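Note sheet for the following structure.
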2 protein chains.
Amino acid sequence: MPDGTGKARTRIQRRNRDLILEAALDVFSTHGFRGATLDQIASAAGLSKPNLLYYFASKEAIHADLMSGLLDTWLDPLREMDADGEPIAEILAYVDRKLEMSRLYPRESRLFANEILQGAPRMLDNLQGELKHLVDDKVRVLLRWMDAGQIAKLDPHHLIFSVWALTQHYADFDVQIRAILDDADPFDAAPNFVETLFRKLLRPDS
Amino acid sequence: MPDGTGKARTRIQRRNRDLILEAALDVFSTHGFRGATLDQIASAAGLSKPNLLYYFASKEAIHADLMSGLLDTWLDPLREMDADGEPIAEILAYVDRKLEMSRLYPRESRLFANEILQGAPRMLDNLQGELKHLVDDKVRVLLRWMDAGQIAKLDPHHLIFSVWALTQHYADFDVQIRAILDDADPFDAAPNFVETLFRKLLRPDS
DNA sequence: CCAGTATTTGACCAGTCGGTCAAAGGAAGG
DNA sequence: CCTTCCTTTGACCGACTGGTCAAATACTGG
């Protein structure tokens, strides 16, 4: 039995665990936890179902493994927003990083969206803990920038929500957007649009 | 057998069909189609599973009934945007209606989001047809307003996407938002925030 | 009240679900 | 070659899935 908790040791273990997680990301992100089946994941990974369960204790364990690093990765762009940088540039860079994540990791975005949509049964603690603390911290930074007149005075929480909404929408609603844009790649015009939007939004009134 | 295609006739039929659709909306919107079970729906409706299938031919049929009117309802706020009205007021009124739908019908929003997230397997035709045509129509209106200098020049498609993203986010990511805002009702500050955002975004540059 | 219809349900079915297990295959060192 | 350990799998399990059906129950007009 491979070490479930520790790090995979042999090359074959590492390779198969990666195969499984890659396949599981595909399946979980498009069907949600309940809607996904081990047979789908096994088939997508090119392994047999018992072989899957040789590397992971259960369906839950595969999902948990995927989720464990997800929130951290997802919040990294916000974490990097520097309180000592130039406010507008910092926020725009944050938006840009976040949009880039939607472009490069749409499956991860949908995995996250699925979890939240379904009431975040396996992540609520992390939202109320890790996520809330980071947001509270950055809200204080934003408030300071607003008080200093460096950016427009807005509700800082909803400002952050608007970044999430606008950027993640391109990953989560990809199918809908592409149905409307026909051939054009959404990400051709999206970066310019969201940058313009936040520039106008953040420009101080005075 | 009650008439599946036509309108329910007796009071009891109407009542039970409504009970089922109400319960199904709850279950489908939180678990997606595959993740939902007839037993869950039956239990939530207070009926037995065979009784469910007395009123609807199948699980698919219940879901289809829910989806059939959904896209129309969902697009109504955009449809009402009047090409002959005052541009800024028309767009802001559209945003306001859309946000109000997120507040009043979050389950419908999540049902829709689930369908799109999962690749819109049962709705892709409607997206490429009905939805695309309406959006194309309104894009022309927006372009006319932009050419006339009545609103800022922006990518009209992405302008519409931004309305969807910002308003639906409050319904679809409700759990996450409430985890951050603690006790405060997100919809206290949201209307003001999104109105401010779109006012700033749409104000002509000159 | 009764006949006929509309409604409800317990029992059941075949297929699928997550998961187990013993046995078979493979690689590596001696 | 053999032994040992890691890996893979076919066969199988009980629980649950969507769905069926005949029989029972409620409801209606006459």
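By convention in this document, chain letters (A, B, ...) are assigned in the order of the sequence lines, proteins followed by strands, and residues within each chain are numbered from 1. All of these numbers come straight from a predicted model, not from anything done at the bench.
- Salt bridge B:R107/B:E22: present, at least one basic N to carboxylate O contact under 4.0 Å.
- In this entry the distance linking CG of B:L52 with C1' of C:dT7 reads 14 Å, nearest Å.
- Phosphate proximity of C:dT8 to B:N16: present, with a side-chain N or O under 4.0 Å from OP1 or OP2.
- A salt bridge does not link B:E90 to B:K138: none of the charged nitrogens lies less than 4.0 Å from a carboxylate oxygen.
- Rounded to an integer number of Å, the gap from CG of A:D39 to P of C:dG18 is 7 Å.
- The phosphate of C:dG18 (OP1 or OP2) has no side-chain N or O of A:R34 nearer than 4.0 angstrom.
- Nearest heavy atoms, B:Q118 versus B:F33: OE1-N, 4.4 Å.
- Between A:N51 and D:dT9 there is a side-chain polar atom (N or O) within less than 4.0 angstrom of OP1 or OP2.
- Rounded to a whole Å, the CZ atom of B:R14 is 13 Å from the P atom of C:dT7.
- Side-chain N/O atoms of B:Y54 include none lying less than 4.0 angstrom from OP1 or OP2 on C:dT8.
- Using a 4.0 Å heavy-atom cutoff across all strands shown, A:L38 reaches sugar-phosphate atoms only and no base atom.
- Separating the NE2 atom of B:H63 from the P atom of D:dG18 is a distance of 13 Å, rounded to the nearest angstrom.
- One can place CG of B:L53 at 16 Å from C1' of D:dA22, the figure rounded to the nearest angstrom.
- One finds no salt bridge joining A:D76 and A:R97 here, because no Lys/Arg side-chain nitrogen approaches an Asp/Glu carboxylate oxygen to under 4.0 Å.
- Across all strands shown, A:A36 has heavy atoms under 4.0 Å from sugar-phosphate atoms exclusively, and none from any base.
- To the nearest angstrom, P of C:dC17 lies 11 Å from NE2 of A:H31.
- The A:Q13 side chain lies nearest to D:dT7 when the options are D:dG19, C:dG19, D:dT7.
- Taking the ring axis of A:F56 as reference, the NZ or CZ atom of A:R17 stays within 45° of it and closer than 6.0 Å to the ring centre.
- Of the candidate nucleotides C:dA6, D:dT7, D:dA11, D:dA11 has the atom nearest to the side chain of A:P50.
- Atom C1' of nucleotide D:dT8 and atom CZ of A:R15 are separated by 12 Å, given to the nearest angstrom.
- The nearest whole Å value for the distance from the CG atom in B:L47 to the C1' atom in D:dG18 is 17 Å.
- Put simply, the side chain of A:K49 and the base of C:dG19 share a donor and an acceptor less than 3.5 Å apart.
- Comparing B:I12 and B:Q40, the nucleotide of DNA chain D nearest to each residue sits closer to the 5' end for B:Q40.
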